[in-house]
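In what follows, a single structure is set out as C-alpha coordinates and then discussed.
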There are 4 protein chains.
Amino acid sequence: MTLDDLAAELRRFAAEREWERFHTPKNLALSLAVEVGELLEHVQWGSDGEIAARFATADGREALAEEMADVLIYLIRLADVTGIDLLAATSAKIAANAVRYPADEVRGSSEKRPNLSG
Amino acid sequence: MTLDDLAAELRRFAAEREWERFHTPKNLALSLAVEVGELLEHVQWGSDGEIAARFATADGREALAEEMADVLIYLIRLADVTGIDLLAATSAKIAANAVRYPADEVRGSSEKRPNLSG
Amino acid sequence: MTLDDLAAELRRFAAEREWERFHTPKNLALSLAVEVGELLEHVQWGSDGEIAARFATADGREALAEEMADVLIYLIRLADVTGIDLLAATSAKIAANAVRYPADEVRGSSEKRPNLSG
Amino acid sequence: MTLDDLAAELRRFAAEREWERFHTPKNLALSLAVEVGELLEHVQWGSDGEIAARFATADGREALAEEMADVLIYLIRLADVTGIDLLAATSAKIAANAVRYPADEVRGSSEKRPNLSG
(Lines give C-alpha, C1' and ligand atoms only; values in the text may rest on other atoms or scores of the structure.)
Protein backbone atom coordinates (compact mmCIF):
# COMPACT_ATOMS: atom_id res chain seq x y z
CA MET A 1 0.00 0.00 0.00
CA THR A 2 1.25 3.46 -0.93
CA LEU A 3 0.14 7.07 -0.64
CA ASP A 4 -1.03 6.83 -4.26
CA ASP A 5 -3.22 3.86 -3.41
CA LEU A 6 -4.80 5.82 -0.56
CA ALA A 7 -5.32 8.86 -2.79
CA ALA A 8 -7.14 6.69 -5.32
CA GLU A 9 -9.24 5.11 -2.58
CA LEU A 10 -10.25 8.53 -1.23
CA ARG A 11 -11.05 9.76 -4.73
CA ARG A 12 -13.41 6.83 -5.19
CA PHE A 13 -14.82 7.31 -1.69
CA ALA A 14 -15.70 10.93 -2.45
CA ALA A 15 -17.09 10.13 -5.91
CA GLU A 16 -19.38 7.36 -4.63
CA ARG A 17 -20.88 9.80 -2.13
CA GLU A 18 -21.01 12.76 -4.53
CA TRP A 19 -18.85 14.75 -2.14
CA GLU A 20 -16.41 16.18 -4.70
CA ARG A 21 -18.09 19.57 -4.71
CA PHE A 22 -17.48 19.92 -0.95
CA HIS A 23 -13.83 19.00 -1.29
CA THR A 24 -12.55 22.43 -2.25
CA PRO A 25 -9.00 23.32 -1.20
CA LYS A 26 -10.38 25.76 1.37
CA ASN A 27 -12.68 23.19 2.98
CA LEU A 28 -10.00 20.49 2.97
CA ALA A 29 -7.35 22.78 4.48
CA LEU A 30 -9.82 23.83 7.13
CA SER A 31 -10.64 20.17 7.84
CA LEU A 32 -6.96 19.46 8.20
CA ALA A 33 -6.84 22.11 10.93
CA VAL A 34 -9.85 20.56 12.68
CA GLU A 35 -8.13 17.18 12.77
CA VAL A 36 -4.83 18.60 14.00
CA GLY A 37 -6.80 20.23 16.81
CA GLU A 38 -8.12 16.79 17.78
CA LEU A 39 -4.62 15.32 17.60
CA LEU A 40 -3.34 18.05 19.92
CA GLU A 41 -5.76 16.89 22.62
CA HIS A 42 -3.59 13.81 23.03
CA VAL A 43 -0.60 15.90 24.14
CA GLN A 44 -2.56 18.73 25.76
CA TRP A 45 -1.83 18.49 29.47
CA GLY A 46 0.63 15.75 30.24
CA SER A 47 4.33 16.12 30.86
CA ASP A 48 6.67 14.61 28.28
CA GLY A 49 7.04 11.61 30.59
CA GLU A 50 3.29 11.07 31.00
CA ILE A 51 2.72 11.39 27.28
CA ALA A 52 5.50 8.92 26.48
CA ALA A 53 3.96 6.47 28.96
CA ARG A 54 0.56 6.79 27.32
CA PHE A 55 1.92 6.24 23.82
CA ALA A 56 3.87 3.23 25.09
CA THR A 57 0.55 1.44 25.55
CA ALA A 58 -1.34 -0.11 22.63
CA ASP A 59 -4.50 1.86 23.51
CA GLY A 60 -2.71 5.19 23.70
CA ARG A 61 -0.92 4.55 20.45
CA GLU A 62 -4.11 3.43 18.74
CA ALA A 63 -5.94 6.62 19.79
CA LEU A 64 -3.13 8.80 18.47
CA ALA A 65 -2.87 6.73 15.27
CA GLU A 66 -6.54 7.42 14.52
CA GLU A 67 -6.04 11.16 14.75
CA MET A 68 -2.90 10.99 12.64
CA ALA A 69 -4.83 9.00 10.03
CA ASP A 70 -7.47 11.74 9.90
CA VAL A 71 -4.77 14.34 9.31
CA LEU A 72 -3.13 12.28 6.57
CA ILE A 73 -6.50 11.61 4.90
CA TYR A 74 -7.16 15.31 4.43
CA LEU A 75 -3.58 15.98 3.41
CA ILE A 76 -3.73 13.27 0.74
CA ARG A 77 -7.09 14.49 -0.48
CA LEU A 78 -5.92 18.11 -0.66
CA ALA A 79 -2.84 17.02 -2.62
CA ASP A 80 -5.04 15.02 -4.97
CA VAL A 81 -7.49 17.81 -5.78
CA THR A 82 -4.68 20.33 -6.30
CA GLY A 83 -2.45 17.98 -8.31
CA ILE A 84 0.47 17.98 -5.89
CA ASP A 85 2.94 15.10 -5.55
CA LEU A 86 3.24 14.86 -1.78
CA LEU A 87 6.22 12.52 -1.62
CA ALA A 88 8.24 14.49 -4.17
CA ALA A 89 7.47 17.80 -2.45
CA THR A 90 8.44 16.37 0.93
CA SER A 91 11.67 14.85 -0.33
CA ALA A 92 12.62 18.17 -1.97
CA LYS A 93 11.85 20.04 1.25
CA ILE A 94 14.04 17.74 3.32
CA ALA A 95 16.90 18.26 0.85
CA ALA A 96 16.44 22.04 1.08
CA ASN A 97 16.42 21.86 4.88
CA ALA A 98 19.70 19.92 4.86
CA VAL A 99 21.30 22.88 3.08
CA ARG A 100 19.59 25.41 5.32
CA TYR A 101 20.60 23.72 8.56
CA PRO A 102 24.11 22.29 8.04
CA ALA A 103 24.60 19.55 10.63
CA ASP A 104 28.04 20.78 11.71
CA GLU A 105 26.72 24.26 12.35
CA VAL A 106 23.50 23.59 14.20
CA ARG A 107 24.67 20.64 16.32
CA GLY A 108 24.67 21.62 19.93
CA SER A 109 23.72 25.18 19.09
CA SER A 110 21.06 26.59 21.34
CA GLU A 111 20.50 29.41 18.85
CA LYS A 112 19.28 27.25 16.00
CA ARG A 113 15.82 25.90 16.51
CA PRO A 114 15.38 22.20 15.71
CA ASN A 115 13.00 22.90 12.84
CA LEU A 116 12.34 20.21 10.32
CA SER A 117 10.56 22.81 8.22
CA GLY A 118 12.22 25.80 6.61
CA MET B 1 10.46 6.72 -2.63
CA THR B 2 8.03 5.80 0.12
CA LEU B 3 6.86 7.17 3.45
CA ASP B 4 9.25 4.72 5.12
CA ASP B 5 12.18 6.16 3.15
CA LEU B 6 11.24 9.66 4.26
CA ALA B 7 10.89 8.54 7.87
CA ALA B 8 14.38 7.04 7.75
CA GLU B 9 15.75 10.21 6.18
CA LEU B 10 14.19 12.39 8.87
CA ARG B 11 15.49 10.07 11.59
CA ARG B 12 19.01 10.48 10.24
CA PHE B 13 18.49 14.23 9.79
CA ALA B 14 17.55 14.62 13.45
CA ALA B 15 20.35 12.34 14.66
CA GLU B 16 23.04 14.20 12.74
CA ARG B 17 21.95 17.45 14.36
CA GLU B 18 21.40 15.97 17.83
CA TRP B 19 17.80 17.12 17.74
CA GLU B 20 16.18 13.91 19.01
CA ARG B 21 15.66 15.31 22.49
CA PHE B 22 13.56 18.19 21.06
CA HIS B 23 11.40 15.83 19.03
CA THR B 24 8.99 14.89 21.77
CA PRO B 25 5.43 14.02 20.74
CA LYS B 26 4.21 17.28 22.30
CA ASN B 27 6.69 19.43 20.38
CA LEU B 28 6.09 17.60 17.13
CA ALA B 29 2.30 17.82 17.42
CA LEU B 30 2.60 21.51 18.19
CA SER B 31 4.90 21.97 15.18
CA LEU B 32 2.32 20.20 13.03
CA ALA B 33 -0.21 22.84 14.12
CA VAL B 34 2.24 25.65 13.29
CA GLU B 35 2.66 24.30 9.77
CA VAL B 36 -1.05 23.80 9.21
CA GLY B 37 -1.49 27.45 10.21
CA GLU B 38 0.94 28.42 7.46
CA LEU B 39 -0.85 26.20 4.98
CA LEU B 40 -4.16 27.87 5.84
CA GLU B 41 -2.75 31.23 4.74
CA HIS B 42 -2.92 29.96 1.17
CA VAL B 43 -6.72 29.62 1.32
CA GLN B 44 -7.36 32.43 3.80
CA TRP B 45 -9.20 35.11 1.85
CA GLY B 46 -9.90 34.04 -1.69
CA SER B 47 -13.14 32.68 -3.03
CA ASP B 48 -13.13 29.06 -4.18
CA GLY B 49 -12.71 30.34 -7.73
CA GLU B 50 -9.74 32.56 -6.92
CA ILE B 51 -8.06 29.80 -4.95
CA ALA B 52 -8.56 27.30 -7.77
CA ALA B 53 -7.03 29.81 -10.21
CA ARG B 54 -3.99 30.28 -7.99
CA PHE B 55 -3.42 26.55 -7.58
CA ALA B 56 -3.79 26.12 -11.35
CA THR B 57 -0.48 28.00 -11.74
CA ALA B 58 2.88 26.32 -11.14
CA ASP B 59 3.90 29.02 -8.64
CA GLY B 60 0.70 28.75 -6.62
CA ARG B 61 0.92 24.98 -6.57
CA GLU B 62 4.60 25.07 -5.61
CA ALA B 63 3.90 27.38 -2.66
CA LEU B 64 1.13 25.13 -1.40
CA ALA B 65 3.24 22.01 -1.94
CA GLU B 66 5.96 23.42 0.32
CA GLU B 67 3.50 23.93 3.17
CA MET B 68 2.03 20.47 2.67
CA ALA B 69 5.53 19.02 2.76
CA ASP B 70 6.13 20.72 6.12
CA VAL B 71 2.94 19.19 7.48
CA LEU B 72 3.83 15.73 6.21
CA ILE B 73 7.37 16.01 7.58
CA TYR B 74 6.11 16.53 11.13
CA LEU B 75 3.42 13.89 10.71
CA ILE B 76 5.98 11.32 9.56
CA ARG B 77 8.37 12.26 12.35
CA LEU B 78 5.63 12.05 14.99
CA ALA B 79 4.63 8.61 13.69
CA ASP B 80 8.25 7.52 13.79
CA VAL B 81 8.96 8.55 17.37
CA THR B 82 5.68 7.02 18.60
CA GLY B 83 6.00 3.82 16.58
CA ILE B 84 2.86 4.28 14.51
CA ASP B 85 2.39 2.81 11.03
CA LEU B 86 0.83 5.79 9.22
CA LEU B 87 -0.25 3.97 6.06
CA ALA B 88 -1.83 1.09 7.93
CA ALA B 89 -3.65 3.45 10.31
CA THR B 90 -4.94 5.53 7.42
CA SER B 91 -6.10 2.54 5.42
CA ALA B 92 -7.93 1.19 8.48
CA LYS B 93 -9.58 4.56 9.06
CA ILE B 94 -10.83 4.79 5.47
CA ALA B 95 -12.32 1.30 5.80
CA ALA B 96 -14.04 2.32 9.04
CA ASN B 97 -15.40 5.47 7.39
CA ALA B 98 -16.84 3.44 4.55
CA VAL B 99 -18.95 1.54 7.10
CA ARG B 100 -19.85 4.70 8.98
CA TYR B 101 -20.96 6.63 5.92
CA PRO B 102 -22.66 4.13 3.56
CA ALA B 103 -22.58 5.63 0.08
CA ASP B 104 -26.25 4.91 -0.64
CA GLU B 105 -27.33 6.66 2.53
CA VAL B 106 -25.26 9.80 2.47
CA ARG B 107 -25.37 10.51 -1.26
CA GLY B 108 -27.32 13.68 -1.85
CA SER B 109 -28.15 14.02 1.81
CA SER B 110 -27.75 17.53 3.12
CA GLU B 111 -27.84 16.16 6.64
CA LYS B 112 -24.69 14.09 6.44
CA ARG B 113 -21.53 16.14 6.42
CA PRO B 114 -18.94 15.10 3.82
CA ASN B 115 -16.42 14.08 6.44
CA LEU B 116 -13.52 11.91 5.45
CA SER B 117 -12.75 11.48 9.13
CA GLY B 118 -14.98 9.72 11.62
CA MET C 1 -18.08 42.64 33.48
CA THR C 2 -14.69 43.14 31.87
CA LEU C 3 -11.78 41.04 30.60
CA ASP C 4 -10.03 41.80 33.90
CA ASP C 5 -12.97 40.39 35.85
CA LEU C 6 -12.83 37.20 33.79
CA ALA C 7 -9.06 36.93 34.25
CA ALA C 8 -9.51 37.19 38.03
CA GLU C 9 -12.27 34.58 37.93
CA LEU C 10 -10.13 32.15 35.96
CA ARG C 11 -7.19 32.73 38.29
CA ARG C 12 -9.39 31.80 41.24
CA PHE C 13 -10.84 28.87 39.30
CA ALA C 14 -7.37 27.45 38.67
CA ALA C 15 -6.17 28.09 42.22
CA GLU C 16 -9.16 26.35 43.83
CA ARG C 17 -8.43 23.24 41.75
CA GLU C 18 -4.65 23.41 42.15
CA TRP C 19 -4.30 23.58 38.39
CA GLU C 20 -1.73 26.39 38.21
CA ARG C 21 1.16 24.02 37.58
CA PHE C 22 -0.58 22.71 34.43
CA HIS C 23 -1.22 26.20 33.12
CA THR C 24 2.17 26.76 31.54
CA PRO C 25 2.32 29.02 28.46
CA LYS C 26 3.00 25.98 26.29
CA ASN C 27 0.00 24.04 27.57
CA LEU C 28 -2.30 27.06 27.36
CA ALA C 29 -1.21 27.96 23.82
CA LEU C 30 -1.73 24.35 22.80
CA SER C 31 -5.19 24.36 24.43
CA LEU C 32 -6.03 27.52 22.52
CA ALA C 33 -5.26 25.61 19.30
CA VAL C 34 -7.47 22.71 20.40
CA GLU C 35 -10.40 25.06 20.96
CA VAL C 36 -9.89 26.90 17.66
CA GLY C 37 -10.02 23.48 16.00
CA GLU C 38 -13.44 22.89 17.59
CA LEU C 39 -14.60 26.33 16.51
CA LEU C 40 -13.57 25.57 12.92
CA GLU C 41 -15.97 22.62 12.86
CA HIS C 42 -18.82 25.13 12.81
CA VAL C 43 -17.70 26.56 9.46
CA GLN C 44 -16.15 23.36 8.07
CA TRP C 45 -18.36 22.35 5.17
CA GLY C 46 -21.13 24.85 4.57
CA SER C 47 -21.18 27.57 1.94
CA ASP C 48 -21.10 31.14 3.21
CA GLY C 49 -24.88 31.25 2.76
CA GLU C 50 -25.51 28.04 4.73
CA ILE C 51 -23.22 29.19 7.52
CA ALA C 52 -24.91 32.58 7.70
CA ALA C 53 -28.29 30.84 7.91
CA ARG C 54 -27.10 28.64 10.77
CA PHE C 55 -25.69 31.55 12.74
CA ALA C 56 -28.93 33.47 12.17
CA THR C 57 -30.64 30.94 14.46
CA ALA C 58 -30.35 31.14 18.26
CA ASP C 59 -29.13 27.52 18.43
CA GLY C 60 -26.45 27.99 15.81
CA ARG C 61 -25.26 31.18 17.43
CA GLU C 62 -25.25 29.59 20.87
CA ALA C 63 -23.10 26.67 19.67
CA LEU C 64 -20.59 29.04 18.09
CA ALA C 65 -20.60 31.29 21.15
CA GLU C 66 -19.58 28.35 23.35
CA GLU C 67 -16.55 27.62 21.19
CA MET C 68 -15.60 31.28 21.08
CA ALA C 69 -15.85 31.41 24.86
CA ASP C 70 -13.44 28.47 25.13
CA VAL C 71 -10.96 30.29 22.90
CA LEU C 72 -11.25 33.50 24.89
CA ILE C 73 -10.87 31.62 28.18
CA TYR C 74 -7.49 30.25 27.18
CA LEU C 75 -6.42 33.53 25.65
CA ILE C 76 -7.26 35.41 28.86
CA ARG C 77 -5.54 32.80 30.98
CA LEU C 78 -2.40 32.84 28.82
CA ALA C 79 -2.29 36.65 29.04
CA ASP C 80 -2.70 36.42 32.81
CA VAL C 81 0.11 33.95 33.43
CA THR C 82 2.49 35.85 31.12
CA GLY C 83 1.57 39.31 32.41
CA ILE C 84 0.23 40.65 29.13
CA ASP C 85 -2.42 43.40 28.89
CA LEU C 86 -4.64 41.97 26.15
CA LEU C 87 -6.75 45.07 25.52
CA ALA C 88 -3.74 47.40 25.34
CA ALA C 89 -1.87 45.01 23.03
CA THR C 90 -4.90 44.70 20.77
CA SER C 91 -5.53 48.42 20.61
CA ALA C 92 -1.87 49.03 19.75
CA LYS C 93 -2.02 46.38 17.02
CA ILE C 94 -5.10 47.92 15.43
CA ALA C 95 -3.37 51.32 15.40
CA ALA C 96 -0.30 49.77 13.75
CA ASN C 97 -2.51 48.05 11.15
CA ALA C 98 -4.16 51.37 10.30
CA VAL C 99 -0.73 52.70 9.34
CA ARG C 100 0.22 49.55 7.50
CA TYR C 101 -2.95 49.34 5.45
CA PRO C 102 -3.94 52.94 4.57
CA ALA C 103 -7.64 52.94 3.73
CA ASP C 104 -7.24 54.98 0.56
CA GLU C 105 -4.63 52.61 -0.78
CA VAL C 106 -6.14 49.25 -0.04
CA ARG C 107 -9.77 50.07 -0.82
CA GLY C 108 -10.89 48.17 -3.84
CA SER C 109 -7.46 46.72 -4.36
CA SER C 110 -7.43 43.06 -5.17
CA GLU C 111 -3.72 42.95 -4.41
CA LYS C 112 -3.98 43.84 -0.75
CA ARG C 113 -5.36 41.06 1.39
CA PRO C 114 -8.02 42.11 3.90
CA ASN C 115 -5.85 41.25 6.87
CA LEU C 116 -6.75 42.59 10.26
CA SER C 117 -3.41 41.35 11.52
CA GLY C 118 -0.04 42.63 10.38
CA MET D 1 -11.15 50.77 26.64
CA THR D 2 -13.36 47.70 26.40
CA LEU D 3 -13.98 44.80 24.04
CA ASP D 4 -16.97 46.74 22.70
CA ASP D 5 -14.74 49.69 21.87
CA LEU D 6 -12.38 47.41 19.98
CA ALA D 7 -15.28 45.77 18.14
CA ALA D 8 -16.50 49.20 17.03
CA GLU D 9 -13.01 50.17 15.94
CA LEU D 10 -12.59 47.02 13.87
CA ARG D 11 -16.02 47.51 12.32
CA ARG D 12 -14.99 50.99 11.20
CA PHE D 13 -11.60 49.68 10.07
CA ALA D 14 -13.23 47.10 7.82
CA ALA D 15 -15.83 49.54 6.48
CA GLU D 16 -13.25 52.18 5.55
CA ARG D 17 -11.39 49.59 3.50
CA GLU D 18 -14.50 47.95 2.04
CA TRP D 19 -13.43 44.64 3.53
CA GLU D 20 -16.79 43.59 4.96
CA ARG D 21 -17.48 41.17 2.12
CA PHE D 22 -14.28 39.25 2.94
CA HIS D 23 -15.15 39.02 6.63
CA THR D 24 -17.39 36.00 6.42
CA PRO D 25 -17.51 33.71 9.46
CA LYS D 26 -15.59 31.05 7.54
CA ASN D 27 -12.78 33.42 6.55
CA LEU D 28 -12.56 34.92 10.03
CA ALA D 29 -12.49 31.55 11.75
CA LEU D 30 -9.80 30.40 9.36
CA SER D 31 -7.80 33.58 10.04
CA LEU D 32 -8.11 32.91 13.74
CA ALA D 33 -6.45 29.53 13.14
CA VAL D 34 -3.66 31.16 11.12
CA GLU D 35 -2.90 33.53 13.99
CA VAL D 36 -2.99 30.80 16.61
CA GLY D 37 -0.45 28.95 14.48
CA GLU D 38 1.84 31.99 14.66
CA LEU D 39 1.31 32.23 18.39
CA LEU D 40 2.31 28.58 18.80
CA GLU D 41 5.72 29.34 17.28
CA HIS D 42 6.55 31.18 20.48
CA VAL D 43 6.23 28.00 22.56
CA GLN D 44 7.26 25.54 19.86
CA TRP D 45 10.59 24.14 21.00
CA GLY D 46 11.61 25.47 24.39
CA SER D 47 11.23 23.73 27.71
CA ASP D 48 8.80 25.29 30.17
CA GLY D 49 11.77 26.92 31.87
CA GLU D 50 13.17 28.41 28.67
CA ILE D 51 9.78 29.72 27.65
CA ALA D 52 9.19 31.29 31.06
CA ALA D 53 12.60 32.98 30.81
CA ARG D 54 11.76 34.41 27.40
CA PHE D 55 8.40 35.74 28.52
CA ALA D 56 10.06 37.29 31.56
CA THR D 57 11.82 39.71 29.19
CA ALA D 58 10.06 42.76 27.75
CA ASP D 59 10.96 41.70 24.19
CA GLY D 60 9.70 38.17 24.60
CA ARG D 61 6.47 39.38 26.16
CA GLU D 62 5.99 42.00 23.45
CA ALA D 63 6.39 39.42 20.69
CA LEU D 64 3.83 37.13 22.33
CA ALA D 65 1.47 40.05 23.00
CA GLU D 66 1.41 40.89 19.30
CA GLU D 67 0.33 37.39 18.37
CA MET D 68 -2.29 37.34 21.11
CA ALA D 69 -3.61 40.67 19.82
CA ASP D 70 -3.99 39.15 16.34
CA VAL D 71 -5.97 36.26 17.80
CA LEU D 72 -8.22 38.58 19.81
CA ILE D 73 -8.77 40.85 16.79
CA TYR D 74 -10.23 38.00 14.73
CA LEU D 75 -12.20 36.67 17.68
CA ILE D 76 -13.78 40.08 18.30
CA ARG D 77 -14.51 40.55 14.61
CA LEU D 78 -16.07 37.09 14.32
CA ALA D 79 -18.25 37.82 17.36
CA ASP D 80 -19.28 41.13 15.85
CA VAL D 81 -20.33 39.78 12.46
CA THR D 82 -22.26 36.89 14.05
CA GLY D 83 -23.87 38.99 16.79
CA ILE D 84 -22.33 37.16 19.72
CA ASP D 85 -21.67 38.77 23.10
CA LEU D 86 -18.19 37.44 23.86
CA LEU D 87 -17.98 38.50 27.49
CA ALA D 88 -21.42 37.13 28.34
CA ALA D 89 -20.69 33.85 26.57
CA THR D 90 -17.37 33.50 28.36
CA SER D 91 -18.80 34.28 31.76
CA ALA D 92 -21.57 31.72 31.21
CA LYS D 93 -19.01 29.11 30.15
CA ILE D 94 -16.88 29.65 33.24
CA ALA D 95 -19.98 29.23 35.42
CA ALA D 96 -20.85 25.99 33.60
CA ASN D 97 -17.29 24.72 34.04
CA ALA D 98 -17.46 25.39 37.78
CA VAL D 99 -20.40 22.98 37.96
CA ARG D 100 -18.75 20.47 35.67
CA TYR D 101 -15.45 20.38 37.55
CA PRO D 102 -16.27 20.73 41.28
CA ALA D 103 -13.13 21.99 43.03
CA ASP D 104 -13.31 19.42 45.84
CA GLU D 105 -13.55 16.57 43.38
CA VAL D 106 -10.88 17.47 40.87
CA ARG D 107 -8.27 18.85 43.24
CA GLY D 108 -5.26 16.58 43.23
CA SER D 109 -6.93 14.13 40.94
CA SER D 110 -4.71 12.87 38.20
CA GLU D 111 -7.78 11.56 36.40
CA LYS D 112 -9.42 14.89 35.79
CA ARG D 113 -7.72 17.00 33.16
CA PRO D 114 -7.21 20.65 34.06
CA ASN D 115 -9.53 21.87 31.31
CA LEU D 116 -10.83 25.38 31.46
CA SER D 117 -13.19 24.48 28.64
CA GLY D 118 -16.00 21.97 28.88
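Residue numbers begin at 1 in each chain, while the letters A, B, ... track the order of the sequences.
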Problem - Donor-acceptor pair, side chain of C/Arg77 and main chain of C/Ala14, under 3.5 angstrom - result: no
Exercise for the section: With a 4.5 angstrom heavy-atom cut-off, could you sort out which part of D/Val43 is near chain C: side chain, backbone, both or neither? Expected result: both
Handout entry: chain D contact via C/Glu9 - which portion, at a heavy-atom distance below 4.5 Å
Key = side chain
Handout entry: Part of C/Gln44 lying under 4.5 Å from any heavy atom of chain D
Key = backbone
Problem - Contact class of C/His23 relative to chain D, heavy atoms under 4.5 angstrom - result: side chain
Problem - Heavy-atom contact with chain D under 4.5 Å, split by part of C/Ala52 - result: neither
Practice task
If the plane angle is over 60° it's perpendicular, under 30° parallel, otherwise tilted; pick one for C/Trp19 and C/Phe13.
Solution key: tilted
Handout entry: Under 4.5 Å from a heavy atom of chain D, the part of C/Ile51 involved
Key = side chain
Handout entry: CG on D/Asn27 to CG on C/Asp48, rounded to 0.5 Å
Key = 6.5 Å
Handout entry: Interatomic distance, C/Thr82 atom OG1 to C/Leu28 atom CG [nearest 0.5 angstrom]
Key = 9.0 Å
Practice task
Taking D/Glu50 for its side chain and D/Ser47 for its backbone only, find out whether a donor-acceptor pair lies under 3.5 Å.
Solution key: yes
Fill in the blank from the handout: Answer key: most heavy-atom pairs under 4.5 Å with chain C among D/Ile84, D/Asp5, D/Leu10, D/Val36 is D/Ile84
Handout entry: Any donor-acceptor pair under 3.5 Å from D/Arg61 side chain to D/Phe55 backbone
Key = yes
Problem - Check: D/Thr57 side chain, D/Arg54 main-chain N or O, donor-acceptor pair, under 3.5 Å - result: yes
Practice task
Can you tell which part of D/Ser91 gets under 4.5 Å to a heavy atom of chain C, answering side chain, backbone, both or neither?
Solution key: both
Practice task
Check the pair C/Leu72, C/Leu3 against side-chain contact (heavy atoms from CB on, under 4.5 Å), reporting the backbone distance first and the verdict last.
Solution key: CA-CA 9 Å; C/Leu72 187 54; C/Leu3 275 192; 4.2 Å; yes
Practice task
Tell me, for C/Leu39 versus chain D, whether the close heavy atoms (under 4.5 Å) come from the side chain, the backbone, both or neither.
Solution key: side chain
Exercise for the section: Under 4.5 Å, counting heavy-atom pairs only, tell me which of D/Asp104, D/Thr2, D/Leu64 racks up the most with chain C. Expected result: D/Leu64
Handout entry: Portion of D/Leu75 that has a non-hydrogen atom of chain C nearer than 4.5 angstrom
Key = both
Problem - Under 4.5 Å from any heavy atom of chain C - which part of D/Glu67 - result: neither
